[in-house]
Amino acid sequence: MEPREMILVLGANGQIGTELVTALRAKYSSDQVIASDIRPAIGSQDGPFEILDIMDAVAVENSLKKHQITQIYHLAAILSATGEKNPRMAWQVNMDGLLNILEASVKLSVKKVFWPSSIAVFGKHSKKRLTPQYAITDPDTIYGISKLAGERWCNYYYRTRGLDVRSLRYPGLISYVGKPGGGTTDYAVEIFYEALQNGTYTCFLKEDQRLPMMYMPDAIKATIQLMDADADKLRIRSSYNVSSLSFSPAELAKKIQGHLPKLSVDYAPDFRQQIAETWPDSIDDNYARIDWDWNPDYDLSTMVIDMLENIGKKG
Ligand code: NAD
Ligand code: SER
């Protein structure tokens, strides 16, 4: 008989983890999904939580043994904007942390590992529009460099150790449950809160800085769909391009103004503008569509309506 799935989510208190844990607990059961983070649990808990630092390899191994973990979702990381403020720390957390998880997974025979990469692996010389899976990857940020190296390590562990590791290059993610954790795309969440609370927003990117984005329900769907896919259908063991939305701050502001006409937005680009300029406008995700039937549900209009409704309900 197959062992009962036991799932460990690392970095579960973050923007993605808060929603992924809920989705996994709905798919499996609450006691099968162990949420963990270096910070204490936030909000109400509907299942097991433990403090776990991914830099502590012994603690990671002990947790895998204790819970007889069969699947890991490794979300703990330092994102692009925060990473530029402390590059050595970002490299250590993103790289040594990932290696601790890959090594422990092989040692303790974890069946599947999910680890997210990012559009940040691309750079100034990548094709800007509909960036293909196998584009030039010349990232400028330490975050992008760590994600690119991480992709190669994932592929290496798959190839040389047989570890079933799966990955997506998420675009900027938009959500109303968890707040974003220090990225270049965070403006696309902040603007909704400011629009509803103050009717005004100062954006840290230029008004025409188009970037690839995705609504969180689609990101969760893609993650679970990839983890459920037949292993022999997956041609990519570094990280899959996935795509959904592509818009600029001015286009997003105009859509929100369709519902909140009094919203005024101005622009004061900071260091994050230089990061955004090196990233693609939009992504070609053909491999994901063919290999595991990827198809997003939300467009810009439906995402904006859902965000406003749900942030509005929070009061
Ligand atoms: P986040 O910053 O919101 O959350 C990361 C979590 O990791 C935080 O709760 C933090 O406390 C935890 N953490 C940090 N250091 C840790 C450590 N040493 N041990 C254990 N936990 C630690 O990030 P997120 O937006 O939820 O992103 C999750 C993953 O998805 C990251 O790998 C990120 O690079 C990737 N990603 C996110 C986006 C996005 O737009 N949110 C886009 C592309 C890729
Ligand atoms: N949203 C992420 C960031 O801006 C992209 O990986 O860092």
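Remember, predicted model here, so these are calculated numbers, not experimental data. All residue numbers refer to positions in the sequence shown, counting from 1. Start at 1 and go down the list; that is how both ligands and their atoms are numbered.
For the 3.5 Å distance criterion, the side chains of Glu194 and Asn198 qualify, holding a donor opposite an acceptor. In summary, the side chains of Ser246 and Arg210 do present a donor paired with an acceptor at a separation below 3.5 Å, with no hydrogens or angles considered. A side-chain donor from one of Lys314 and Tyr193 sits under 3.5 Å from a side-chain acceptor of the other. Judged by distance alone, the side chains of Asn155 and Arg237 never bring a donor and an acceptor atom under 3.5 Å apart.
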Solution key, residues 75-87 side-chain donor-acceptor pairs under 3.5 Å, sequence neighbours excluded:
{"from": "Ser80", "atom 1": "OG", "to": "Thr184", "atom 2": "N", "distance (Å)": "3.2"}
{"from": "Ser80", "atom 1": "OG", "to": "Thr184", "atom 2": "OG1", "distance (Å)": "2.8"}
{"from": "Thr82", "atom 1": "OG1", "to": "Gly182", "atom 2": "O", "distance (Å)": "3.4"}
{"from": "Glu84", "atom 1": "OE2", "to": "Ile142", "atom 2": "N", "distance (Å)": "2.9"}
{"from": "Asn86", "atom 1": "OD1", "to": "Met89", "atom 2": "N", "distance (Å)": "3.4"}

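For the pair Lys313 and Tyr176, the NZ or CZ position fails the cation-pi test of under 6.0 Å to the six-membered ring centre and within 45 degrees of the ring normal.
Under a cut-off of 6.0 angstrom, the local environment of CZ in Arg129 is sparse, with at most 12 non-hydrogen atoms contributed by other residues, nucleotides or ligands.
Near ligand 2, residues Leu79, Ser80, Ser118, Tyr143, Gly172, Gly183, Thr184, Thr185, Trp279 each place a heavy atom inside the 4.0 Å sphere around the ligand atoms.
The ring of Tyr267 has its center no closer than 6.0 angstrom to the ring center of Tyr187.
Leu130 belongs to no hydrophobic cluster, as no Ile, Leu, Val, Met, Phe, Trp or Tyr side chain comes under 4.5 Å of its own.
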Quick one: table the atom pairs, ligand 1 N or O against protein N or O, below 3.5 Å, distance rounded to 0.1 Å.
{"from": "ligand 1", "atom 1": "3 (O)", "to": "Gln15", "atom 2": "N", "distance (Å)": "2.8"}
{"from": "ligand 1", "atom 1": "9 (O)", "to": "Gly14", "atom 2": "N", "distance (Å)": "3.2"}
{"from": "ligand 1", "atom 1": "9 (O)", "to": "Asp37", "atom 2": "OD2", "distance (Å)": "2.7"}
{"from": "ligand 1", "atom 1": "9 (O)", "to": "Arg39", "atom 2": "NH2", "distance (Å)": "2.7"}
{"from": "ligand 1", "atom 1": "11 (O)", "to": "Asp37", "atom 2": "OD1", "distance (Å)": "2.6"}
{"from": "ligand 1", "atom 1": "11 (O)", "to": "Arg39", "atom 2": "NE", "distance (Å)": "2.8"}
{"from": "ligand 1", "atom 1": "18 (N)", "to": "Asp53", "atom 2": "OD1", "distance (Å)": "2.9"}
{"from": "ligand 1", "atom 1": "19 (N)", "to": "Ile54", "atom 2": "N", "distance (Å)": "3.0"}
{"from": "ligand 1", "atom 1": "21 (N)", "to": "Ile38", "atom 2": "N", "distance (Å)": "3.4"}
{"from": "ligand 1", "atom 1": "26 (O)", "to": "Gln15", "atom 2": "N", "distance (Å)": "3.1"}
{"from": "ligand 1", "atom 1": "26 (O)", "to": "Ile16", "atom 2": "N", "distance (Å)": "2.9"}
{"from": "ligand 1", "atom 1": "32 (O)", "to": "Lys147", "atom 2": "NZ", "distance (Å)": "2.8"}
{"from": "ligand 1", "atom 1": "34 (O)", "to": "Tyr143", "atom 2": "OH", "distance (Å)": "2.6"}
{"from": "ligand 1", "atom 1": "34 (O)", "to": "Lys147", "atom 2": "NZ", "distance (Å)": "3.0"}
{"from": "ligand 1", "atom 1": "40 (O)", "to": "Leu173", "atom 2": "N", "distance (Å)": "2.9"}
{"from": "ligand 1", "atom 1": "41 (N)", "to": "Gln15", "atom 2": "OE1", "distance (Å)": "2.9"}

